[in-house]
**Student:** 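Take this structure first; my questions come after.
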Protein chains: 2
Amino acid sequence: MLGAQKWKEGGVVARTRGITIRDVARKAGVSITAVSHALNGKGTLSEATREHIRTVADQMGYEADALARGLRRSTMGAVGLVLRSLDALGDYAPAGVDVFERFVGAAASQALARNLSLMLVPDLTRKPVPPLAFSLDGYIVTNPHVDDPVIALLEDRSIPYVAYGRPPGRPEFTHWVSEDDTASARQILGHLWAGGARDTVLVRGTDPNAWNLEHQEVYVSWCSERGVTPRLYELAEGAGVDGGVDLAGRIADDGVPDAVFCLTGRHAAGVQRGLMARGVRVPEDTMVVAGSDSEHARNSRPAISALELNPVESSAALLDVLQDLIAGRTPTSPRLTKARFRARASTRR
Amino acid sequence: MLGAQKWKEGGVVARTRGITIRDVARKAGVSITAVSHALNGKGTLSEATREHIRTVADQMGYEADALARGLRRSTMGAVGLVLRSLDALGDYAPAGVDVFERFVGAAASQALARNLSLMLVPDLTRKPVPPLAFSLDGYIVTNPHVDDPVIALLEDRSIPYVAYGRPPGRPEFTHWVSEDDTASARQILGHLWAGGARDTVLVRGTDPNAWNLEHQEVYVSWCSERGVTPRLYELAEGAGVDGGVDLAGRIADDGVPDAVFCLTGRHAAGVQRGLMARGVRVPEDTMVVAGSDSEHARNSRPAISALELNPVESSAALLDVLQDLIAGRTPTSPRLTKARFRARASTRR
DNA sequence: GTGAAAGCGCTAACAC
DNA sequence: GTGTTAGCGCTTTCAC
């Protein structure tokens, strides 16, 4: 391997340095400027030189060092992903929760398609700060909550960022992408209504993010439009299925409802199980719906109707907006993506 | 904010540069060398100067620029994660496959605990290579297969890496961590044998990784030790549940077995469903086991006995080994972690 | 005990 | 059109 060398430095095995721009310049018989310009499509070079340099570089397998380039250009080709919901949960691998992990997967492959690297960065405000955190070109922040310190930090440093789920209490901020929660919530509530439900319970999480807040808002308006009394329960996201089972007891004690709309799949699975354990029949006595699909919802018996989020389209939109922001262009945002409601046995009457 | 400035460069909004080592040096009335030494515990400085510099740096909120530091020291505080199984699948967010997603989550939180950032890198051998790919301190490669080109590339560049699941055909390579597949497989086969199974089928995937190869090996030896004829089926990982359903037909045609041991949860769920559709009773006629737990296994009816992998312990071990490697220490490896067998209704006789 | 200076690999003024 | 050169922020050698 040309130009490769290995060495030790203070006990740290340094990586093999690859081929440098200098190696290419020497081989191609030009200056390093020429190489830089040729490869970045800048400056004024004859097409012949350009082509020649490109060929040589290709042959040698030259890849520009991202660090050196970043140091100079202050743009890295890498963006960070902060999952605020998981930060809040304090658990980056909660059992049976696949929405976030699916989002990570989708975001990674969408980033790939744009030749961007995606870096998972844990809560930026906690010390010690991950070293690369402030060198990244921008951030995707999922489900920021009210007065989110991560967002405050990014703004303070003027690092571009986009939010998945609008940052609550920031009407002036537009760089967000979300599934159309309002439309989906109304679709679900309408579906339940059509199934005969007149007494529908909403179970939301405790995190003060747009997901929880907007759903609550829509639910309350929807109830008041129809003159029915809202029945709202809050259950910590971290409580999971077991929390749902417990909550089912409370709900039933308050009066068995016609339908329960849980914002998370785990809560829905737990509530359904808890209700059934008390002899409530699903869907005959009570219908159950989850606001976000998951294996829990799919594989409960009866299978729970749920909203299938759209991580692929959403992460694509987020990256588009973020790239515009990074490039100094004005992005078209906010953007709403379309989730898809999956009616299953739990609401089939 | 001290030393902060914003500027445009070729239409690109550059990130706000933070406080530099120079700012700290000026404020503390020392040279930049002194600052560097004080903050990194190197050189020979009086404890007084050291302390003074640390205080000033803290006050100013100085954070060393990871890029500049990396360029000089070539260690970044970030590691890459390559999921070879998903590369093979060509899908980074396959529905219902949660082993990898759980592993990503676990690896992320373990990395967090070590102040490392985690970058998801798809197949490194495919162009274009993500910019930071070759600047990372090291890699975790999950389920490398025989003659894996990603491993060849990392070795060529002498980038430290560890494997989750031993690289097949590389007996001399020891930097790997794995659940103890051999022990688990024997435990499962023993469990089935104890349940009366004398004709157990193994369904493995087609990817030539250690997971598939070692299980097959154990299965074949185990059969020969007991003088029973092995019945081995291969099914592409990507075939999922539906592939399992189809395969159930073939298996039944060849003779309904006493038990089926599928290496993936999706295959197990499919095979069970396919068998039951043909009137085979589970577990009465045939027991079904999955080699890796998943929501599919848990939520099938009857629930499928499965091996619960240990992504948290495994990723912790992987990062330990990788950090040793990066630091030039000799790691204790390979390391085996303990998976846990969950007996469920599908094998309860 | 301390600091000046070289240089990591790259980009972009600015000279030629 | 092409090349020389000055840094980006940091670590480290080596003079003082």
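Quick note: numbers below take in every heavy atom, side chains included, and nothing from hydrogens, waters or symmetry partners.
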**Student:** Please step through side-chain contact (heavy atoms from CB on, under 4.5 Å) for the pair A:I159 and A:L136, ending with a clear verdict.
**Tutor:** CA-CA 8 Å; A:I159 295 174; A:L136 300 175; over 6 Å; no
**Student:** Applying ring pair (Phe, Tyr, Trp, His ring centres under 6.0 Å) between B:Y161 and each of B:W176, B:Y139, B:F173, report the one that passes.
**Tutor:**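 Exactly one pass, corresponding to B:F173.
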**Student:** Does a nitrogen or oxygen in the side chain of B:K42 sit under 4.0 Å from OP1 or OP2 of D:dT11?
**Tutor:**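 For D:dT11, OP1/OP2 do not have a side-chain N/O of B:K42 under 4.0 Å.
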**Student:** Tabulate below the donor-acceptor pairs under 3.5 Å that side-chain atoms of residues 33-44 of chain A make, not counting sequence neighbours, or state none.
**Tutor:**
residue	atom	partner	partner atom	Å
A:N40	OD1	A:R69	NH2	3.3
A:N40	ND2	A:S36	O	2.9

**Student:** Separation of A:I19 atom CD1 from C:dG9 atom P, in whole Å?
**Tutor:**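 That distance rounds to 12 Å.
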**Student:** Nearest to the side chain of B:R22, which nucleotide is it out of C:dC8, D:dT2, D:dC8?
**Tutor:**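 Ranking C:dC8, D:dT2, D:dC8 by closest atom to the B:R22 side chain puts D:dC8 first.
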**Student:** Tell me which nucleotide among C:dC10, C:dT2, D:dC10 gets nearest to the side chain of B:A64.
**Tutor:**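 For the B:A64 side chain, the nearest candidate turns out to be D:dC10.
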**Student:** Nearest-Å distance, CZ (B:R50) to C1' (C:dG1)?
**Tutor:**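 Value for this atom pair: 11 Å.
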**Student:** Within the structure, does a side-chain N or O atom of B:Y62 lie under 4.0 Å from either OP1 or OP2 of D:dG9?
**Tutor:**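 Result: no.
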**Student:** Any side-chain N or O of A:T49 less than 4.0 Å from the OP1 or OP2 oxygen of D:dT2?
**Tutor:**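 For D:dT2, OP1/OP2 do have a side-chain N/O of A:T49 under 4.0 Å.
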**Student:** Quick one: is B:T20 getting a side-chain N or O under 4.0 Å of the D:dC8 phosphate, OP1 or OP2?
**Tutor:**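 No, because none of the side-chain N or O atoms of B:T20 sits under 4.0 Å from OP1 or OP2 of D:dC8.
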**Student:** In terms of side-chain heavy atoms of A:I21, which of D:dG1, C:dC8, C:dT11 is nearest?
**Tutor:**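 From the listed options, C:dT11 comes nearest.
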**Student:** Which one, C:dG3, D:dG3, C:dT2, comes nearest to the side chain of A:T33?
**Tutor:**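 When the side chain of A:T33 is considered, D:dG3 is the closest of C:dG3, D:dG3, C:dT2.
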**Student:** Give a yes or no on whether a salt bridge exists between A:R170 and A:E155, defined as a side-chain N under 4.0 angstrom from a carboxylate O.
**Tutor:**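 Between A:E155 and A:R170 there is a salt bridge, with a charged N closer than 4.0 Å to a carboxylate O.
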**Student:** How long is the line joining NE2 of B:H37 and C1' of C:dA5, in whole Å?
**Tutor:**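 So the NE2-C1' distance, B:H37 to C:dA5, works out to 13 Å.
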**Student:** Which listed nucleotide (C:dT11, D:dG3, D:dG9) is nearest to the side chain of A:A34?
**Tutor:**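 Minimum distance to the A:A34 side chain belongs to D:dG3.
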**Student:** Among all residues two or more places apart in sequence or in another chain, which pass the ring-ring contact (aromatic ring centres under 6.0 Å, His included) test with B:Y164?
**Tutor:**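 Per chain and number, B:Y164 pairs via ring-ring contact (aromatic ring centres under 6.0 Å, His included) with B:F103.
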**Student:** Tell me which of B:L45 and B:A68 sits closer to the 5' end of DNA chain C, going by the nucleotide each one is nearest to.
**Tutor:**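 Its nucleotide being nearer the 5' end, the pick is B:L45.
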**Student:** Of the listed nucleotides (C:dG1, C:dG7, D:dG1), which one gets closest to any side-chain atom of A:S46?
**Tutor:**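 Of all the options, the side chain of A:S46 is nearest to D:dG1.
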**Student:** How many Å lie between CD1 on A:I32 and P on C:dC10, as a whole number?
**Tutor:**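 Going from CD1 in A:I32 over to P in C:dC10 covers 8 Å.
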**Student:** Looking at A:R69, I'd like to know whether one of its side-chain N or O atoms comes within less than 4.0 Å of OP1 or OP2 on C:dT11.
**Tutor:**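 So the side chain of A:R69 is within the cut-off, an N or O lying under 4.0 Å from OP1 or OP2 of C:dT11.
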**Student:** Taking atom P of D:dT13 as reference, at what distance in whole Å does atom CG of B:N40 sit?
**Tutor:**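 Answer to the nearest Å: 13 Å.
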